[in-house]
Amino acid sequence: MEPQRKAELETGWKALRLYWKKDLVSGFLVFLLALPLSLGIAKASGFPAAMGVLTAMVGGLVTVIFNVAELSIKGPAAGLITIAAGAITDFGGDEQGWKIAAAVVVVMALFQMLFGFLKLGTVSDFFPHSAVHGMLAAIGLIIIAKQIPVLLGDDPTLYKGESPIELYMDIPKFVLHAHWHIAAIGVIGLLIMFVFPFLKINFFKKIPAPMIVLLVAVPLTTYWHFKESEPSYALVSIGNFWEELNFNADFSMIGTWTFWKYVIMFLFVSTLESLLTVKALESLDPYKRQPNYNGDLIGQGAGNLVSGLLGGLPMISEVVRSTSNIGFGAVTKWSNFVHGLFLLLSMIFLIPLIELIPNSALAAMLIYAGYRLAAPKEFVHTYRIGKEQLIIFLTTIVVTLAEDLLLGVLAGMLVKILFHLYYGVRIKNLFFPKYSVEIKDENNQKIITLHFEGAAVFTNLIAYKKIINRYLEQGYVFINLEKVKLIDHSFMSFIRYFEIEKERYQDKMTITGFENHKPLSNHPLATRVLE
């Protein structure tokens, strides 16, 4: 049966009965994508490789119980690799570091659930887009740096403890010390990852590129006798997964600043990246369902709680797997459940086969993931929005690479605030909304005009949205921006979102008055200053 549209779409058990064929196919294809990526992300994070599969498994089997975004796929993400790896190192490394990092995930999960219950699902609106994109680009550059020696098959002792900048500078050394059978598989995998999206063959469009990499890499490792001829670090190691499956979180360092520093970093990045993904999926959902951001936070937190207790990584609504899920034709969140179910089956039946996967192949997938985060088009796109946005973007990248993610984003936010002050915005207008209300009754309908003043920027966007939502419950709302001195990129994105989703708001709201503002570039989302 074909799925219904919009509000008529069934949910829960009825959805499983009606749409199971589509969700089964999509869930299986997402599983093919998630298995190698989960292994690679866990390995790069310093967790046992199987913990990546465990995380994605929990993301599929547990989170669907909650009111999560219908087409989102929960699992480990490349964007958290740098934090997880840093945590394990700072907690002493090896098994001890992994188990304490898992405890950090548990505590972070409790805060995520609390945020959801307190209805803080709009918290992502507080962070400027250019700083967030700069953070993600910096993460991409760090991933690439850390995976280059893995791709080349270098001995881990050769690059242990090096910073991203040192890793880039040492690329000639990594090439010189490469194990060429390992590196050959890595380079072939890299070529497949970059070339595959451009192929127009319909048959291959249904097979995720990472699975193609494995279909090439595993036979090569067998042919070249990797288990006998190459170092132990060349292949994925799962070990006795089911015996090790236990309550692995170690809370022995919960009283230290280091522990809480990583709680904050995990909470910040995982929550922000996940909410941004859910927001992006809202516009891609062919059935135009509006996600419950707070429900998604609660569900994600519950998944992280289970994952962390068992020794797993933090999970998010992962953008590549989620958009692929939509592309594969998923209808409901049961596709996420199916993907988790197949991951469970893989840990029961496929461990000997999984241990033939070369780490260089996983490195190729992660380098491609890092490239997607830090692609040149991201720099070009940011520049087109405005030169000041590029400065914020680059500041975030540089400080993140030199220091850490939190300082990088804070530096980006500070630079953006300085730009707002430069254009004449008063400090109090940065954080507190300034507006007046005019209410009339026309034809038995309440007409509400909200006259915004001062500044409409990222720091007060959440407050303005609360005001708008409050008055939308009372009648038709006109928003007048003609007295606003500065409208920044984040607020313009909100306006564009309203225009894209105007069908949902028809007969409810109109935004006017920004026509007299001068944009700082030709981009439709550029910051605008009142002339």
Worksheet item: Going by the side chain to side chain donor-acceptor pair (under 3.5 Å) test, which pairs reach into residues 422-437, not counting sequence neighbours?
Response: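 Passing the test, one end in residues 422-437: Tyr435-Arg470.
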Discussion item. So if I apply the side-chain contact (heavy atoms from CB on, under 4.5 Å) rule between His129 and each of His489, Lys416, Gln389, which one comes out positive?
Written reply: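 For His129, the side-chain contact (heavy atoms from CB on, under 4.5 Å) test succeeds with only one of His489, Lys416, Gln389, which is His489.
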Worksheet item: Excluding sequence neighbours, so at least two apart, what forms ring pair (Phe, Tyr, Trp, His ring centres under 6.0 Å) with Phe393?
Response: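 Once residues adjacent in sequence are excluded, the partners of Phe393 under the ring pair (Phe, Tyr, Trp, His ring centres under 6.0 Å) criterion are Phe379.
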Practice prompt. For the pair Tyr464 and Phe491, name the ring-plane relationship: parallel under 30°, tilted 30 to 60°, perpendicular over 60°.
Written response: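 The rings of Tyr464 and Phe491 stand perpendicular, inter-plane angle above 60°.
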Worksheet item: Do the rings of His523 and His381 sit parallel, tilted or perpendicular, given the 30° and 60° boundaries?
Response: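 Plane angle over 60°, so perpendicular.
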Where do [X] and [Y] come nearest, in terms of heavy atoms and distance?
X	Y	result
Ala209	Ile192	O-CG2, 4.2 Å
Gly308	Ala102	O-CB, 3.4 Å
Val58	Gly303	CG1-O, 3.5 Å
Asn292	Gly295	OD1-N, 2.7 Å

Item to complete: Using a cut-off of 6.0 Å, state whether more than 12 heavy atoms not belonging to Tyr168 lie near its atom OH.
Response: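 Buried by this count: over 12 neighbours within 6.0 Å.
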Worksheet item: Would one find more than 12 heavy atoms of other residues, nucleotides or ligands at under 6.0 Å from atom NZ of Lys483?
Response: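 No, not enclosed.
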May I ask you to test the [X]-[Y] pair for a side-chain heavy-atom distance under 4.5 Å?
X	Y	result
Ser130	Phe458	no
Lys465	Leu461	yes
Phe31	Val338	no
Val104	Phe91	yes
Ile448	Val437	yes
Tyr262	Met265	yes
Leu61	Phe337	yes
Phe266	Val107	no

Under a 3.5 Å cutoff, is there a donor and acceptor pairing between the side chains of [X] and [Y]?
X	Y	result
Ser270	Gln112	yes
Thr449	Asn480	no
Ser335	Asn325	yes
Tyr476	Thr510	yes
Glu438	His451	yes

Just how far is it from atom [atom1] of [X] to atom [atom2] of [Y], taken to the nearest 0.5 Å?
X	Y	atom1	atom2	result
Leu486	Leu430	CG	CG	9.0 Å
His339	Phe328	NE2	CZ	12.0 Å
Thr82	Ile139	OG1	CD1	5.0 Å
Leu167	Leu141	CG	CG	12.0 Å
Leu39	Leu366	CG	CG	10.0 Å
Gln300	Leu275	CD	CG	7.0 Å

Discussion item. As a quick check of understanding, evaluate side chain to side chain contact (heavy atoms under 4.5 Å, CB included) for Phe514 and Val484, giving each step before the final call.
Written reply: CA-CA 8 Å; Phe514 57 89; Val484 175; over 6 Å; no
Practice prompt. Mind checking salt bridge (charged side-chain N to carboxylate O under 4.0 Å, His left out) for Arg321 and listing every partner two or more places apart, or none if nothing turns up?
Written response: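 Counting only residues at least two positions away or on another chain, Arg321 forms a salt bridge (charged side-chain N to carboxylate O under 4.0 Å, His left out) with Glu318.
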Item to complete: With side chain to side chain contact (heavy atoms under 4.5 Å, CB included) as the test, would you mind laying out the steps for Val132 and Leu272 before giving the verdict?
Response: CA-CA 9 Å; Val132 172; Leu272 184 59; 3.7 Å; yes
Worksheet item: Given the rule in the side chain to side chain contact (heavy atoms under 4.5 Å, CB included) test, do Leu313 and Val105 qualify, once you have shown the distances and angles that lead to the verdict?
Response: CA-CA 7 Å; Leu313 289 78; Val105 175; 6.0 Å; no
Discussion item. With side chain to side chain contact (heavy atoms under 4.5 Å, CB included) as the criterion, how do Val150 and Lys43 come out once you've worked through the C-alpha distance, each side chain's angles and the decisive distance to 0.1 Å?
Written reply: CA-CA 10 Å; Val150 180; Lys43 187 77 170 53; over 6 Å; no
Discussion item. Using the ring centroid of each side chain, check whether Phe268 and Phe127 are separated by less than 6.0 Å.
Written reply: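 Yes, the ring centres sit under 6.0 Å apart.
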